[in-house]
Amino acid sequence: MKKDQRTGELTEGIVKDLLTSAPYHHHGIKVRLIDGQIGLCRKLLKTIFRTHQIIN
């Protein structure tokens, strides 16, 4: 998160939205976590894809 840039402290969370259009950026990709925090993602620990079924 922005507040942790000087210390380098990492925040752990679940990514809700990718806010950077590129799949990679040397500083990290910008993401929104499910708790609403926005910051740069440096490392993904686990990837889980959810699928949504649309019923007409």
Side-chain angles (χ1 to χ4, degrees):
M1 299 297 112
K2 186 78 165 178
K3 63 181 172 59
D4 299 322
Q5 281 183 343
R6 290 181 186 254
T7 65
E9 186 176 339
L10 300 178
T11 301
E12 199 170 309
I14 299 173
V15 175
K16 178 180 179 183
D17 300 307
L18 298 176
L19 304 176
T20 301
S21 59
Y24 171 80
H25 189 275
H26 61 283
H27 290 298
I29 58 172
K30 195 169 188 178
V31 298
R32 177 181 297 118
L33 301 180
I34 60 171
D35 66 3
Q37 295 185 84
I38 294 176
L40 296 177
C41 181
R42 299 282 177 107
K43 184 177 182 181
L44 291 175
L45 300 179
K46 189 175 183 181
T47 303
I48 300 172
F49 292 98
R50 292 186 185 167
T51 59
H52 298 280
Q53 185 178 12
I54 300 173
I55 300 173
N56 292 333

- Would you name the heavy atoms of I29 and H25 that are closest together and state the gap between them?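 Closest approach of I29 to H25: CG2-N, 4.0 Å.
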
- side chain to side chain contact (heavy atoms under 4.5 Å, CB included) with E9: which residues, sequence neighbours excluded?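 Partners of E9 under the side chain to side chain contact (heavy atoms under 4.5 Å, CB included) test: D4, T7.
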
Under 3.5 Å donor-acceptor pairs involving side-chain atoms of residues 16-23, not counting sequence neighbours:
unit_1, atom_1, unit_2, atom_2, d
D17, OD2, R32, NH1, 2.8
T20, OG1, K30, N, 2.7

- Message: I need the L40 CG to L10 CG distance, nearest 0.5 Å.
- Response: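 L40 CG to L10 CG: 11.5 Å, rounded to 0.5 Å.
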
- What distance separates L33 CG from T11 OG1, expressed to the nearest 0.5 Å?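 If I round to the nearest 0.5 Å, the distance is 7.5 Å.
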
